[in-house]
Every structure is written in structure tokens, then in C-alpha cells.
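Encoded as C-alpha cells, the structure appears first; notes follow it.
From a predicted model like this one, the values you see are computed outputs, not experimental measurements.
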Amino acid sequence: MGIAGTDVAKEASDIILTDDNFTSIVKAVMWGRNVYDSISKFLQFQLTVNVVAVIVAFTGACITQDSPLKAVQMLWVNLIMDTLASLALATEPPTESLLLRKPYGRNKPLISRTMMKNILGHAFYQLVVVFTLLFAGEKFFDIDSGRNAPLHAPPSEHYTIVFNTFVLMQLFNEINARKIHGERNVFEGIFNNAIFCTIVLGTFVVQIIIVQFGGKPFSCSELSIEQWLWSIFLGMGTLLWGQLISTIPTSRLKFLKEAGHGTQKEEIPEEELAEDVEEIDHAERELRRGQILWFRGLNRIQTQMDVVNAFQSGSSIQGALRRQPSIASQHHDVTNISTPTHVVFSSSTASTTVGYSSGECIS
């Protein structure tokens, strides 16, 4: 306890309550788990965006000799998945449901098997949608293809639809990223986080402005209402796809069996193992130090109690001796039998000689 606690107790403790309120421990656990989950949510969302963006840009450039996502468009995507996503997902307030699950292990990685399932599952859906629009979108929407366009040609509706659908899928996948433990209701408590709602709505408004009025700087062409509705529909498909992913048990996915378990002990170098041992010994040393201080305090209290009991027992013995015959007279009778006359100490023979009046001596 930070206010009423002693200095010895503070030195020996692992946690100090600065306000002496034990409910602060519950709040600390809630915020600690909330921060951990917020980092995991951001990682799940960012890795999904990275996997899809890298594969689309690289594969599209290799096949069509031109990346479907232009440089300025990739900067906007990076802004969505880095700055805005971190603000939206890291500002979730803690809830009581965080206390219902078991704590994470000390060596457990940030990316669990459920998160890996979500990342791969959503990346698969987004890749299928993007490549379908890239290679068959012009036939579906009855527009000109943008794959064989000249180098300095004006922005095409085809690639604008690809870009717009890709961004909207990330926007709706950001809602999916709010839950990382396989929960189905991804909208639970969404209105409790005003920052999240503001960022999602703000991103959607800016996306409309970029597509409709961005023009050549953003390599975008104006889209019709029908094309916007299809883009929104394909983006909302990530929510339905997330429900389908949640129904798949993680244990059934054999290729994820070793995911989320971290590095095995035999794979760790001996130097790192030695460092871990030193850290463990240091922690044990601190624990033993606290135990020693605790036992010393108990021993001091026990010693003081023994001293008090000794004084109490000594006073009772003196009272009993007063009621008995005088010991001094008995001692006088014994000394009359043999009274010592002289005492001789001999250091050379390591013996002691005591003389008595009767002529006898005892060595």
C-alpha cells in the first residue's frame, strides 16, 4: 500500500497501490488486458491489409505490366492501415468481459491461432474479389478494360472500381478486427468508442471525395451510383465472411496447429537460454528477499512475545518462592558441613583445587 505501507513492505512488494484502494488491482488488470488486445487487433488488421496489398501490387504488375494500385492510392491505403487504424483500434475502452477469460502466458505470442485464421481467411476473400474485378470486372460492369491502357492514359473506371472496392473491404474489415477471440457480434460496444466511429465515417467520406473528385492526381475516375453500391456490397461481404470464418473450429485447421506456440525450447540458442536462466534466478532472488524480510519480521515478533512470556513466568516463580521455606537457611545448613577455606587455580595443569576445612580436596 503506497500510503499506509511501510518502506520495508514497499521494497519487498511487486505491486504498490498508490491510492491504497484494492479495486485498483481490478482496473489495472482490465487496462493491461485491454492494451494487449488492442495491439493484437491492430496487428490482425494491418497484416491482412499488407498481405493483400503486396500480393495484388506484385502479381498485378507481373501479369498486366502495371500495378492496379497506384503510388498515391497506396499512400492512402497505408494511411488507413497505419495511423487511422491504430487510433481506431487502440482506443477501445476496457469492458468487464476482459475479466472472464484466462490470462495470457508469459511466452505466448501476440498472434494467436485464431488471429492467424482470421488473417488468412479475410486475405483469401479479398484476393478473390480483387482478382475477379481485375480480370473480369470490365465484363461484369460493361466498361472499358484498364489492363491494356497506354502509359499516360486517363484514369479508367475499371481500376477505380478495383481501388474503391479494396479500400471499402479494409474499412469493413476494420470492424471485424474489433474481435480477436472468435466472437460473432463484432458490433458489440461499437458506439461506446466515439473515436472509432469518427474515424470509420471520416475515412468513408474522404474515400468518396478521392474517387469522385480526386481525378488524375489519385488516378481515379468518377463512379456511378450502381458501381458505388456494388463496391459497398462487396466491402460488406467481409462482415458475412467473418461470420463464416468464426464457424470454422481452429482445431480443424491442421496447418495452424503449430501457429501461435512460439519458438520451441530446442530451437533457442544456448546463449539465450543462459540469459533466461539469469533472469529467472534474479526473479527468484527478489522473491526470496521478500520472504526473508517477512520471516525476519515474524521472528522478531515471536522473540518479543517470548520475552514477555518469560517476564510473566519469572514474576509468578518469585511469588511461589515467597510462599516456600527460606532457601537461605537451608543453604546455611549445607555450608556448615563443608565450608571452603581457599581456592587454587592452576593454569599449567588445567585443573582447579578447592580446599575444605575437613582436610579433603576435590580436583
Side-chain angles (χ1 to χ4, degrees), residues 45-82 84-85 118-174 176 203-242 244-245:
F45 174 76
Q46 190 180 43
L47 291 176
T48 304
V49 180
N50 282 331
V51 169
V52 178
V54 170
I55 294 177
V56 168
F58 178 78
T59 306
C62 292
I63 297 177
T64 64
Q65 305 302 319
D66 186 19
S67 175
L69 300 176
K70 308 303 179 183
V72 180
Q73 295 175 355
M74 288 297 294
L75 290 176
W76 169 238
V77 171
N78 286 329
L79 182 63
I80 293 175
M81 73 179 187
D82 289 338
L84 299 179
N118 295 333
I119 293 171
L120 297 179
H122 287 292
F124 174 78
Y125 171 81
Q126 295 180 18
L127 287 174
V128 170
V129 172
V130 170
F131 283 126
T132 301
L133 293 176
L134 181 61
F135 295 105
E138 72 277 6
K139 298 178 181 179
F140 181 79
F141 291 101
D142 193 16
I143 55 178
D144 295 334
S145 175
R147 292 193 300 274
N148 300 322
L151 182 60
H152 297 287
S156 63
E157 291 182 340
H158 183 199
Y159 275 13
T160 303
I161 292 174
V162 173
F163 166 67
N164 191 38
T165 305
F166 175 75
V167 171
L168 291 179
M169 285 192 298
Q170 310 311 323
L171 198 61
F172 286 101
N173 188 38
E174 193 170 350
N176 277 328
T203 304
F204 183 71
V205 172
V206 174
Q207 178 66 17
I208 295 175
I209 296 174
I210 290 175
V211 172
Q212 297 299 119
F213 307 102
K216 193 172 182 179
F218 287 91
S219 301
C220 292
S221 177
E222 294 184 12
L223 299 180
S224 62
I225 298 297
E226 182 182 358
Q227 293 169 347
W228 266 102
L229 292 177
W230 275 107
S231 299
I232 295 174
F233 173 75
L234 293 174
M236 294 181 62
T238 58
L239 297 176
L240 301 177
W241 185 256
L244 182 61
I245 293 176

Straight-line distance of F135 CZ to H158 NE2, nearest 0.5 Å: 9.0 Å

Does T165 have any side-chain hydrogen bond (donor to acceptor under 3.5 Å, both in side chains) partners at least two apart in sequence or in another chain, and if so, which? S231

Flag yes if more than 12 heavy atoms outside I225 fall under 6.0 Å of its CD1 atom; otherwise flag no. no

Interatomic distance, D142 atom CG to E157 atom CD [nearest 0.5 angstrom]: 10.5 Å

Selection residues 120-141 - residue pairs positive for salt bridge (charged side-chain N to carboxylate O under 4.0 Å, His left out), sequence neighbours left out: E138-R147

Please output the side-chain donor-acceptor pairs of residues 208-220 that fall under 3.5 Å, not counting sequence neighbours, one pair per line with the distance.
residue : atom : partner : partner atom : Å
Q212    : OE1  : L223    : N            : 3.3
Q212    : OE1  : W228    : NE1          : 2.7

Interatomic distance, CG@N176 vs CG@N118, rounded to 0.5 Å, equals 8.0 Å

Measure the shortest side-chain to side-chain distance between Y125 and I245 over non-hydrogen atoms and say whether it is less than 4.5 angstrom. no

From CG (L75) to NZ (K70), nearest 0.5 Å: 14.0 Å

Review item, side-chain donor-acceptor pairs of residues 167-174, under 3.5 Å, at least two apart:
residue : atom : partner : partner atom : Å
Q170    : NE2  : Q126    : OE1          : 2.6
Q170    : NE2  : F166    : O            : 3.4

Output all residues satisfying ring-ring contact (aromatic ring centres under 6.0 Å, His included) with F233, sequence neighbours left out; order by chain, then residue number. W230

Can you find a heavy atom in the side chain of Y159 that is under 4.5 Å from one in the side chain of T64? yes

Nearest-0.5 Å distance, OG1 of residue T160 to CD of residue Q227: 9.0 Å

Can you see which heavy atom on L133 is nearest to which on F141, and at what distance? CD2-CE1, 3.9 Å

With sequence neighbours excluded, residues passing side-chain contact (heavy atoms from CB on, under 4.5 Å) with N78: M81, D82

List the residues meeting side-chain contact (heavy atoms from CB on, under 4.5 Å) with T132, not counting sequence neighbours, and say none if there are none. V128

By side-chain hydrogen bond (donor to acceptor under 3.5 Å, both in side chains) - contacts of Q73 (at least two apart): none

All N/O donor-acceptor pairs, side-chain side in residues 49-62, below 3.5 Å, sequence neighbours left out:
residue : atom : partner : partner atom : Å
N50     : ND2  : Q46     : O            : 3.2
T59     : OG1  : I55     : O            : 2.8

Quick one: list whatever passes side-chain hydrogen bond (donor to acceptor under 3.5 Å, both in side chains) with Q207, sequence neighbours left out. W76, N164

